[in-house]
Protein chains: 2
Amino acid sequence: MRMGRPREFNAETALDQAMEVFWRHGYEGATIAQLTEAMGINPPSLYACFGNKEGLLKAALDRYTKLRGVWMDEVVAASTARDVAERMLMGIAEKQTDPANPPGCLLVQGGIACGTGSENVPFELAARRAQNEDQLRDRFVRAKADGDLKESADPAALARYVSAVAVGMGVMASSGADREALRQVADVAVQAVEAQSADRT
Amino acid sequence: MRMGRPREFNAETALDQAMEVFWRHGYEGATIAQLTEAMGINPPSLYACFGNKEGLLKAALDRYTKLRGVWMDEVVAASTARDVAERMLMGIAEKQTDPANPPGCLLVQGGIACGTGSENVPFELAARRAQNEDQLRDRFVRAKADGDLKESADPAALARYVSAVAVGMGVMASSGADREALRQVADVAVQAVEAQSADRT
DNA sequence: CCAGATATGTAGTGTTCACTACAGATGTGG
DNA sequence: CCACATCTGTAGTGAACACTACATATCTGG
């Protein structure tokens with residue numbers, strides 16, 4: 001039985017606002033004052049709902065990966081390994097320069113290096129990135145079984161590669177690269193996957 | 001004429017220590033206390049020599065890029081565009097997992113996203129990364145003129161691509177990827193450059 | 001050996017940070 | 001309508017932060 005005064009804010013929309021603050025300023029750069037203002041609540045509500053700043057970040061990351069998961073499912077639904085890579089990297093070029101969001105990727109902008117006391121924030125982000133990589137790897141394993149990738153191809157290495165390019169594009173986006181520049185990177189990057197693809201006879 | 005008490009520490013070795021702290025914790029995660037302890041000096045000496053925390057970062061970045069510049073010169077001295085890419089990315093796989101340094105690249109770990117008041121730190125890092133990219137681009141322009149790259153190849157796009165992969169590898173290294181994993185990424189990445197190379201007849 | 005200049009170590013400064021005590025508000029179960 | 005549980009806003013808390021005042025130490029030029 002749930003009693004007491006009901007909360008007056010929607011946790012998901014509040015998380016969307018928090019996500020944006022972390023995305024733009026990073027975990028350490030984001031202050032509770034900025035977060036609460038963006039979320040439209042006061043500190044006690046934040047702490048009652050999310051525990052502490054790191055709990056809020058994790059909740060925001062969960063929401064981010066959940067939203068992205070839908071898109072990733074579309075990515076790996078492409079019919080060939082090459083098309084998976086293209087759909088992924090071209091999609092990233094779009095998303096990371098979408099003016100509706102801060103530039104780059106939350107899983108990178110959130111915090112690559114942190115100070116004493118926040119050491120596990122980078123690991124938290126890395127774990128989420130690894131999920132994407134695993135999804136790609138599984139897809140490439142299947143592509144190899146399908147004969148879509150060469151016998152010599154290493155699905156895990158390919159997944160790591162595509163993941164690395166995606167991260168690199170995120171950093172470029174956050175430092176001002178425009179959509180066309182990212183598309184060019186994606187275009188070149190796809191050619192490496194193409195080189196690992198079996199010849200279509 | 002230089003008068004007054006001479007400084008008792010060596011600015012370059014002190015900078016090396018500061019570099020390591022920024023590298024490991026990022027700009028915002030690094031505290032003056034950590035920096036002064038690593039440098040073996042007291043705050044007033046730091047401020048007298050470098051102005052403020054951001055000044056120290058810039059000095060550390062200058063030193064970092066200077067040291068790296070020597071290596072980059074060797075990279076672009078490779079005889080083909082493909083070998084330039086390979087030498088660069090394989091070298092990065094080594095350097096970013098060198099136990100003598102923190103993992104990853106200072107130009108990424110330093111701070112991709114920062115809080116209010118440090119907004120130009122990410123730009124500062126981006127500017128240094130752009131220098132590397134420019135050096136690569138110039139080399140690829142020459143490679144195209146040499147007929148080493150295809151007529152359809154875009155040197156600027158290739159340079160952006162290699163730069164993006166390097167950044168992505170840095171992030172992977174900082175989150176625990178080992179040398180072999182990075183080598184695999186480099187190996188795949190080089191194939192895209194190979195695909196842009198003219199056929200050797 | 002003295003005057004001026006710069007460096008150093010001690011011991012702070014004000015500010016901002018993440019976080020919370022508390023009182024009042026608003027719900028549920030009986 | 002009352003006991004109780006949970007949320008909310010105000011107004012702070014101690015700690016950590018970047019940075020510095022000041023007295024002292026060590027140099028150069030004359």
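Naming: A, B, ... by sequence-line order, numbering from 1 per chain.
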### Message
Both A:Pro44 and A:Arg7 contact DNA chain D. Taking the nearest nucleotide for each, which residue is further toward the 5' end?
### Response
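Looking at DNA chain D, the more 5' nearest nucleotide goes with A:Arg7.
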### Task
On DNA chain D, check which nucleotide each of A:Asn42 and B:Ala30 is closest to and give me the residue with the more 5' one.
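The residue mapped nearer the 5' terminus is A:Asn42.
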### Task
Return no unless some side-chain N or O of B:Tyr47 is found under 4.0 Å from OP1 or OP2 of D:dC19.
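So the side-chain polar atoms of B:Tyr47 do come within 4.0 Å of the phosphate oxygens OP1 or OP2 of D:dC19, strictly under.
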### Message
Taking only side-chain N and O atoms of B:Ser45, does any of them lie within less than 4.0 angstrom of OP1 or OP2 on C:dT8?
### Response
yes
Round to the nearest Å and state the distance from [X] atom [atom1] to [N] atom [atom2].
X: B:Phe50; N: D:dA18; atom1: CZ; atom2: P; value: 16 Å
X: B:Glu28; N: D:dA18; atom1: CD; atom2: P; value: 10 Å
X: A:Leu35; N: C:dC17; atom1: CG; atom2: P; value: 11 Å
X: A:Glu37; N: D:dT10; atom1: CD; atom2: P; value: 14 Å
X: B:Met3; N: C:dT6; atom1: CE; atom2: P; value: 7 Å
X: B:Ile32; N: C:dT13; atom1: CD1; atom2: C1'; value: 15 Å
X: A:Ile41; N: D:dC7; atom1: CD1; atom2: P; value: 12 Å
X: B:Glu8; N: D:dC27; atom1: CD; atom2: P; value: 8 Å

Has the side chain of [X] got a donor or acceptor atom that lies under 3.5 Å from a matching backbone atom of [Y]?
X: B:Tyr161; Y: A:Val165; result: no
X: B:Lys58; Y: B:Phe50; result: no
X: B:Arg129; Y: B:Leu107; result: yes

### Task
Using the ring of A:Phe9 (Phe, Tyr or Trp, six-membered ring only), decide whether A:Arg7 places NZ or CZ under 6.0 Å from its centre and within 45 degrees of its axis.
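The answer is yes; both the distance and angle limits are met.
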### Query
Which part of the nucleic acid, if any, lies within contact of A:Pro6, taking any heavy atom under 4.0 Å across all strands shown: a base, the sugar-phosphate backbone alone, or nothing?
sugar-phosphate
### Flag for A:Gln196-A:Asp154: side-chain donor and acceptor within less than 3.5 Å
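No.
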### Task
Return the 5'-most residue of the pair A:Arg5, A:Thr31 with respect to DNA chain C, ranking by each residue's nearest nucleotide.
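With A:Arg5 and A:Thr31 compared, the 5'-side residue is A:Thr31.
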